[in-house]
Amino acid sequence: MAQKPGIPKGTRDFSPVEMVKRNYIFDTVKSVFQKYGYMPIETPAMENLSTLMGKYGEEGDKLLFKILNSGDYLSKANDQLLAEKESNKLINQISEKGLRYDLTVPFARYVVQHQSEITFPFKRYQIQPVWRADRPQKGRYREFFQCDVDVVGSNSLLNEVELIQVVDEVYRLLNINVVLKLNNRKILTGIAEVIGAADKIVDITVAIDKLDKIGLEKVNEELASKGLSSTAIETIQPIIQLSGTTQEKLAQLKEVLSSSEVGLKGIEELETVFTYLDHLKLELEVELDLTLARGLNYYTGAIFEVKAKDVAIGSITGGGRYDDLTGIFGLKDVSGVGISFGADRIYDVMNQLDSFPKKDGVRTQVLFVNFGDEDELYAIHALKNVRAAGINAEVYPDNGKMKKQMTYANKKQIPFVVLCGEQERKDGVFTLKNMESGEQSMVTLEELVKEIQASGGLMN
RNA sequence: GUGAUUGUAGCUCAGUUGGUUAGAGCGCUGGAUUGUGGUUCCAGAGGUCGCCGGUUCGAGACCGGUCUUUCACCCCA
């Protein structure tokens, strides 16, 4: 009995039509990355679990896909744990590999492992799928592609500025209106310091991140429930509700954080970045947003997030600076900063806005109808010349009915069809049919090539 | 992980309080048209109603479980 085929939850097949669009996104970001001097690398889909575990917080560990050891994976398992169904404790006995959760941690691993061959600062980009075992929902998949650009081995804020330029250029090319939100983890640390709750920084950032979602009152409730005193909550009110221009916000912050060295350092960094951005006069809207926390706990400086203005789908790009990601793997004092473009969400946004280019440049421009035998030979000979002229062309592989071959051309939206049977072959010509207008004419090979090239080739 | 939601032909969906042989549109195949697609007309093929179990004389419909879809929460691209 034939079983119904299917794919795992949260994964997707991509049809030719979708791939053309996806590749357009990949090609666009790649071209920008390369323009700024970033070079490609790739890393394996699976990493050692020890590389992945503990890098994304408790929640992240849960969302890691673990791979069962090969062979008799239970043979080394502890009997007692097995009997008690202690899956969490059993994991490291039955699994030593996992699917990568993002591209940043594998990159840090790569840098440490290849440090002797790398010239710093190292600028790399990486476009590969990542996997997360959470429940799929709108704009969330279990397998999705990230397009990462990172610089490691440089503390300069010029890198932050450059990455913002990359964001600006990518989204201008893709024709998406976005706003880039900028914050600095040092400021968040400073806030926690000022209210004497340095250990609560994660709780505080998570709570204020929800401001525009659940409102001020609920945020304060959450802060209280996490054990913050009412005076502490009182102290950070002006920060949560900061308003005015960027300059005004920074000035207010300076006052509140005057007693915190890290806090002031964070403000200074932001000021520098904003000053550079002012000089560059980007079209991109850059907004200082203190409610931007981002969950990944390895960020130490700048934090970025990009949202589409016209589509509600969550962030489509995110990133930040991490001062010590390579430290865990034994390479100290290498700071890095990077951002990640979420290709799948960008795809969803562009689809909703219908902002993909109409002409894709990849589909077949002309189909040669197959009449078999000597006519077929005549066709493939001409076909070779047409292809040599840079035209995407194919011949129908079987001497099938005309109706079938024409239907094929129609379905594939091939704009031209060439008919060359006995008569044409004897006269050394071709019948060229324009599938859009229905017109057809007898032409020589040269005229055929010229006409297809002149048409721009592609209908939508 | 928590709370909802969906599943009937290749696709989109009807299917009455539980009652004979489960329907439509689109698509597909063949024909009208042996060298002409996208329009039209005619005919045909295609379904263990997601899966397992239960209630019932009788289940596509009701109940339980499971998988799947979509959505919200947590978290995140």
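The figures that follow rest on heavy atoms only: side chains count, while hydrogens, waters and symmetry mates do not.
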A/F341 and A/F33: CA distance, side-chain angles, deciding distance, ring pair (Phe, Tyr, Trp, His ring centres under 6.0 Å) verdict:
CA-CA 11 Å; A/F341 290 81; A/F33 293 168; 5.7 Å; yes

Which nucleotide in B/C75, B/G35, B/A77 has an atom nearest any side-chain atom of A/F371:
B/G35

Do A/E424 and B/G35 have a side chain to base donor-acceptor pair shorter than 3.5 Å?
yes

Which listed nucleotide (B/C28, B/A77, B/U36) is nearest to the side chain of A/M406?
B/U36

State which residue, out of A/I41, A/V29, A/T104, fulfils the side-chain contact (heavy atoms from CB on, under 4.5 Å) condition with A/D148.
A/T104

Say you pick atom P in B/G53 and the same atom in B/G60; how far apart are they, in whole Å?
14 Å

Has A/F144 got its ring stacked on B/A77, by the test of a centre gap below 5.5 Å and a plane angle below 30°?
yes

Can we say A/E18 and A/R12 salt-bridge, meaning some charged N sits less than 4.0 Å from an Asp/Glu carboxylate O?
no

Quantified in whole Å, what is the C1' atom distance between nucleotide B/U21 and nucleotide B/G58?
16 Å

Distance between P atoms of B/A72 and B/A14 (Å, rounded)
23 Å

Ion pair check, A/K404 and A/D398, cut-off under 4.0 Å:
no

Mind checking if A/G139 touches a base, just sugar-phosphate, or nothing, with heavy atoms under 4.0 Å?
base

When you measure from the side-chain N and O atoms of A/Q146 to the phosphate of B/A77, is any distance below 4.0 Å, counting only OP1 and OP2?
no

Side-chain donor or acceptor of A/D168 paired with backbone N/O of A/L284 under 3.5 Å
yes

Heavy-atom nearest nucleotide on RNA chain B for A/K9 versus A/E59: which residue maps closer to 5'?
A/K9

Counting only Watson-Crick or G-U wobble pairs whose two distances fall under 3.5 Å, which nucleotide matches B/A22?
none

Could you check whether any side-chain N or O of A/R132 sits under 3.5 Å from a backbone N or O of A/L64, counting only pairs where one atom can act as donor and the other as acceptor?
no

If pairing means Watson-Crick or G-U wobble with both distances under 3.5 Å, then the partner of B/U6 is none

Could you state the CZ-C1' distance from A/R345 to B/C76, rounded to the nearest angstrom?
7 Å

Quick one: look up who B/C62 pairs with, Watson-Crick or G-U, both distances under 3.5 Å, and put none if it's unpaired.
B/G54

Quantified in whole Å, what is the P atom distance between nucleotide B/A77 and nucleotide B/U16?
46 Å

Is the shortest side-chain N/O distance from A/K401 to OP1 or OP2 of B/G31 below 4.0 Å?
yes

C1' gap between B/G46 and B/C26, integer Å
14 Å

Given atom CG of A/D348 and atom P of B/U70, what is their separation to the nearest angstrom?
11 Å

Roughly, in whole Å, what's the span from CH2 in A/W131 to P in B/C76?
21 Å

Which part of the nucleic acid, if any, lies within contact of A/Y408, taking any heavy atom under 4.0 Å across all strands shown: a base, the sugar-phosphate backbone alone, or nothing?
nothing

Whole-Å distance between B/C76 P and A/F341 CZ?
20 Å

Residues A/R22, A/D344: salt bridge by 4.0 Å N-O rule
yes

Under 4.0 Å between a side-chain nitrogen and a carboxylate oxygen: does that hold for A/E162 and A/K123?
yes

Which value, in whole Å, describes the distance between the C1' atoms of nucleotides B/C11 and B/U17?
32 Å

What is the distance from CD1 of A/I339 to P of B/A77, rounded to the nearest Å?
13 Å

Rounded distance in Å - CZ (A/R142) to C1' (B/A77):
16 Å

Report the nucleotide, chosen from B/A77, B/C71, B/C28, that has the shortest atom-to-atom distance to any side-chain atom of A/S315.
B/A77

Nearest listed nucleotide, side chain of A/Q137, among B/G35, B/C28, B/C73
B/C73

Gap in Å between the two C1' atoms, one belonging to B/G65 and one to B/G47, rounded
25 Å

Could you tell me whether a side-chain N or O of A/T364 sits under 3.5 Å from a main-chain N or O of A/V366, the two making a donor and an acceptor?
no

Got a sec: does the CD of A/E374 have more than 12 other heavy atoms crowding it under 6.0 Å?
no

From B/C75, B/G37, B/G35, nucleotide with atom closest to A/T407 side chain:
B/G37

Using atom names, set out every protein N or O paired with an N or O of nucleotides 2-5 of chain B below 3.5 Å, distance rounded to 0.1 Å.
| unit_1 | atom_1 | unit_2 | atom_2 | d |
| --- | --- | --- | --- | --- |
| B/U2 | O4 | A/R135 | NH1 | 2.7 |
| B/G3 | O6 | A/R135 | NH1 | 3.1 |

When you compare the protein's N or O atoms with those of nucleotides 40-45 of chain B, which come within less than 3.5 Å of each other, and at what distance?
none

Looking at every strand, decide which applies to A/L419 at a 4.0 Å heavy-atom threshold: base, sugar-phosphate, or nothing.
base

Determine the contact category for A/G438: base if any of its heavy atoms lies under 4.0 Å from a base atom, sugar-phosphate if only primed atoms, P, OP1 or OP2 are that close, otherwise nothing.
base

When all nucleic acid strands are considered with a 4.0 Å heavy-atom cut-off, which category describes A/Q440: base, sugar-phosphate, or nothing?
base

Answer yes or no: is there an ion pair linking A/K426 with A/E422, defined by an N-O contact shorter than 4.0 Å?
yes

Test: A/K35 and A/E169 ion pair at under 4.0 Å:
yes

Looking at the base of B/C71, is there any donor atom on it, or on the side chain of A/R140, that sits under 3.5 Å from an acceptor on the other one?
no

Determine the Euclidean distance between corresponding P atoms of B/U48 and B/U2; express it in Å to zero decimal places.
34 Å

A/R345 side chain vs A/S315 backbone, donor-acceptor pair below 3.5 Å:
yes

What I want to check is whether an N or O donor and acceptor connect the side chain of A/N410 with the base of B/G38 at under 3.5 Å.
no

A/Y378 OH to B/G35 P, in whole Å, measures 18 Å

